Amino acid sequence: MPSAAFPSQITKHYELRQTIGSGGFAKVKLAVHLLTGEKVAIKVMNKKELGSDLPRVQREIDAMKNLSQQHVCQLYHVIRQMNAYSWSWRCVAVYAPGGELFDYIVAKDKLKEEEARVFFRQIVSAVAYIHDRGYAHRDLKPENLLLDDDQNIKLIDFGLVAKPRGGMAYHLETCCGSPAYAAPELISGFPYHGNEVDLWSMGVLLYALLCGFLPFDDDNTCKLYKLIQKGEYEVPDWLSPGSAKLLSQLLQVNPKRRVTIKQLLNNEWMMKGYAAPVRWTSRIKKDKPDPDVLLELASYYDHPLDTMMKKVLEWKYDEVTAMYFLLCMKKSKGQLPELLPRY
Ligand SMILES: COc1cc(O)cc(Nc2ccc(C(=O)Nc3ccc4c(c3)C[NH2+]CC4)cc2)c1
């Protein structure tokens with residue numbers, strides 16, 4: 001039980017600020033990492049509220065520990081704390097000052113094709129990466145896509161992620177995600193493939209970006225399901241033929257006829273105005289830590305370089321992992337030479 005005399009792991013490293021998101025069993029707070037001054041997002045989950053959702057927390061944390069890519073929200077630090085008579089989790093991750101893509105679309109009503117293409121290419125990059133790592137997100141929607149300070153996409157909320165044993169071929173028997181973005185095969189209760197379900201949700205997402213409203217929408221969930229299973233939607237006259245064609249390739253009721261993530265990478269619409277296909281491999285090389293950051297860490301912790309390298313490569317998602325990623329963030333902003341206070 002933390003007290004003033006025994007500061008919690010959180011207050012030892014972070015200064016908590018306001019709540020920036022809440023829902024279900026979790027609350028997300030803005031915080032500042034004391035040593036680097038970098039802003040972070042801290043997701044607070046209490047076992048008591050979690051109830052049956054405990055596996056969801058573990059799934060999200062395990063997934064985020066395995067996912068490091070420029071368009072996926074980076075996990076920095078996981079702190080499990082015993083308080084009162086139950087466990088609580090605090091997970092520290094990237095803060096995305098642009099907030100949710102959902103709010104960005106609402107504020108702009110709808111996006112021009114060129115702007116939608118910039119975001120959609122980054123979303124395809126994130127999904128191609130997690131699929132390649134054997135994960136299906138299963139809850140792709142604008143609320144789970146955040147914008148960082150350069151308006152780049154960061155994918156969050158891996159609580160419904162599925163990493164079926166033996167890769168993606170396995171059917172996933174659970175029904176999940178948000179109804180308006182759910183694929184026909186998922187809501188029909190048929191066995192489905194997680195990666196195909198993600199492609200349908202991306203079709204709904206692209207439609208929302210280009211139109212400012214949903215292709216299938218009804219307050220009555222049963223009526224909504226019928227609309228989705230019919231797969232008929234309005235094609236507004238402001239959509240270009242290319243946009244309409246890509247939407248028809250994504251919003252295919254038969255998952256076997258749906259465009260695949262690999263086909264999307266160099267799809268005609270995706271390539272318009274671009275010289276190269278979507279780049280989806282990670283720019284973050286966890287197996288080769290950044291030498292400048294290692295030097296800074298070794299100096300701060302007063303460790304020999306090779307000892308520091310070994311500690312970082314353990315990827316414990318403790319204070320060392322957090323320091324590493326946050327110093328990388330500072331370096332990307334040209335602020336690394338700001339020396340850390342020495343012990
Ligand atoms: C374990 O998984 C985690 C852990 C964690 O610490 C965070 C997340 N997910 C996030 C949720 C929200 C944000 C975030 O930055 N939200 C945000 C930021 C700025 C603003 C808003 C939200 C909304 N109002 C406008 C300003 C970041 C990560 C997952």
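Bear in mind the structure is a predicted one, so any value in this text is a computation, not a measurement. Order of listing sets the numbers, starting from 1, for every ligand and every atom in it. In what follows, every heavy atom counts, from backbone to side chain, and hydrogens, waters and symmetry copies are set aside.
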ring-ring contact (aromatic ring centres under 6.0 Å, His included) against Y207, all qualifying residues, sequence neighbours excluded: F213, Y233
Are I130 and I284 grouped together when hydrophobic residues (ILVMFWY) are joined by side-chain heavy atoms under 4.5 angstrom apart? yes
Full working for side-chain contact (heavy atoms from CB on, under 4.5 Å) between Q74 and S68: CA-CA 6 Å; Q74 180 63 56; S68 250; 2.5 Å; yes
For a distance cut-off of 3.5 Å, show me each N or O of ligand 1 paired with any protein N or O, plus the separation.
residue, atom, partner, partner atom, Å
ligand 1, 2 (O), E60, OE2, 3.3
ligand 1, 6 (O), A41, O, 2.9
ligand 1, 6 (O), K43, N, 3.2
ligand 1, 6 (O), C91, O, 2.5
ligand 1, 6 (O), A93, N, 3.3
ligand 1, 15 (O), A96, N, 2.9

Please identify each residue that fulfils salt bridge (charged side-chain N to carboxylate O under 4.0 Å, His left out) with E196, with sequence neighbours left out. K256
Enumerate the salt bridge (charged side-chain N to carboxylate O under 4.0 Å, His left out) contacts for residues 206-229, please, sequence neighbours excluded, ordered by first and then second residue. none
Taking E15 first and then R17, would you say they form a salt bridge - that is, a charged N and a carboxylate O separated by under 4.0 Å? yes
